Amino acid sequence: MHSFAYKVKSELCRPHVQRACCARAEAYGVLLYCNTFNMQEVRIITENPEFASRLPRLFKRAFDLRFDRLPDEDEHRGKLVFQITQPEKLEKIVNQLGYDMRQNLVLHVNFGILEDECCRTSFLRGAFLAGGSVTDPEKRYHLELTTSHVQASREMSALLTEMGFLPRNVMRGGNSVTYFKQCEHIEDLLTTIGAPAAAVEMMTTKLEKELVNNANRAMNCDMANVNKTLDAAQEQCDAIEILRDAGKLDLLPKQIKETALLRLQHPELSLGQLAERCMPPVTKSCINHRMRKIMEIARDLDE
């Protein structure tokens, strides 16, 4: 059975690679969040076959080039590796993304590529496909984007904030992690980047969890009330037994004696239910008054 993150990435891969600008923006996100992107090599490793199927089409549309290394045909399971090492291909990618091969490649986000909303969305989709993960909402709410390029991560966080999201950031093992823990923000982000079905699944799971939690709270509250009623009834029965053992039960006023005997016959009933059993029926307040009287007399005897 596939994980929730696997299903999200598979859904993101369903739309066709169409506009060249969006293809370049998506590939840009992939490169900034993949395993390796520098002047010597591009290396993308994935375990998702649908993302693996998308990558060659994406890079052909974005940069008009092919990978130097593709996964072996019999490499159906495990890690699928894509690689570019030819200098002329790397130079073409770097130039199209607005970097300079003659300088040390400190990767930042070139916002000139992301001017249109469709391109920003494609960029986020590529980043998630290459370096994103999301936890099964049955367990907890957590989505993150991980990259080794710290400056790019800071600018990704700024981009997300500008788009109305509220990301958090942390360094983990030398990588920069941008993450979300609020369910609503994760739902909105998944919908934005092209995984509305996953967002709906998350929303449904959250509602189901809330219903179960509310039912459990109500049941616990009911059980507490039942236990409270039973404890009070047991105290009343104990007090009546004290009166009977002392020979005082038959000396009680008629109505109080009838109430005492009724309680001994029905120790499981609440005061309201006991009041309905009286002949004639009385109010809960009346029964409560009689029980207090019984408890006072028994307390005096016990002392």
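Fair warning: this is a prediction, and the values are worked out from it, not measured in the lab. Here, residue 1 is the first one in the sequence, and each next residue gets the next number.
At a threshold of 4.5 Å between non-hydrogen side-chain atoms, the residues Glu258 and Leu262 do not count as touching.
Legend: side-chain hydrogen bond (donor to acceptor under 3.5 Å, both in side chains) pairs involving residues 286-296, not counting sequence neighbours, sorted by first then second residue: Thr259-Arg290. Within the structure, the salt bridge (Lys or Arg N to Asp or Glu O under 4.0 Å) test picks out the following pairs touching residues 166-180 (sequence neighbours left out): Glu144-Arg172.
Ion pairing of Lys206 with Glu184 is present here, as a side-chain N (NZ or NE/NH1/NH2) and a carboxylate O approach within less than 4.0 Å. The pair Arg120-Asp116 does not meet the salt-bridge criterion, since no charged nitrogen lies less than 4.0 angstrom from a carboxylate oxygen.
Counting heavy atoms of neighbouring residues, nucleotides and ligands inside a 6.0 Å radius, atom CE of Met171 exceeds 12 of them. Taking a 6.0 Å sphere around NZ of Lys228, one finds it holds 12 or fewer heavy atoms contributed by other residues, nucleotides or ligands.
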Carefully, step by step, assess Met202 and Phe4 under the rule side-chain contact (heavy atoms from CB on, under 4.5 Å). CA-CA 9 Å; Met202 175 172 277; Phe4 183 69; 4.1 Å; yes

Take Glu41 and Arg69, measure what salt bridge (charged side-chain N to carboxylate O under 4.0 Å, His left out) needs, and give me the verdict at the end. CA-CA 11 Å; Glu41 177 188 24; Arg69 174 188 171 183; over 6 Å; no

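From Asn110, atom CG reaches atom OH of Tyr28 across 5.0 Å, with rounding to the nearest 0.5 Å. Separating the CZ atom in Arg244 from the CG atom in Leu264 is a distance of 5.5 Å, to the nearest 0.5 Å.
In the model, Asn169 has a side-chain atom that pairs as donor or acceptor with a side-chain atom of Thr178 under 3.5 Å. For the residue pair Arg125/Ser122, the side-chain donor-acceptor check at 3.5 Å is satisfied.
A chain of hydrophobic side-chain contacts below 4.5 Å, direct or via other Ile, Leu, Val, Met, Phe, Trp or Tyr residues, connects Phe111 to Phe123. Met295 and Ile297 are assigned to two separate hydrophobic clusters, defined by single-linkage of ILVMFWY side chains at heavy-atom distances under 4.5 Å.
Results of the side-chain contact (heavy atoms from CB on, under 4.5 Å) test with Tyr179 over Val170, Leu143, Ile186, Thr146 single out Val170 as the only residue that passes.
With sequence neighbours excluded, no residue forms a side-chain hydrogen bond (donor to acceptor under 3.5 Å, both in side chains) with Gln96.
Taking every heavy atom of both residues into account, Arg19 and Cys118 meet most closely at NH1-SG, 3.5 Å.
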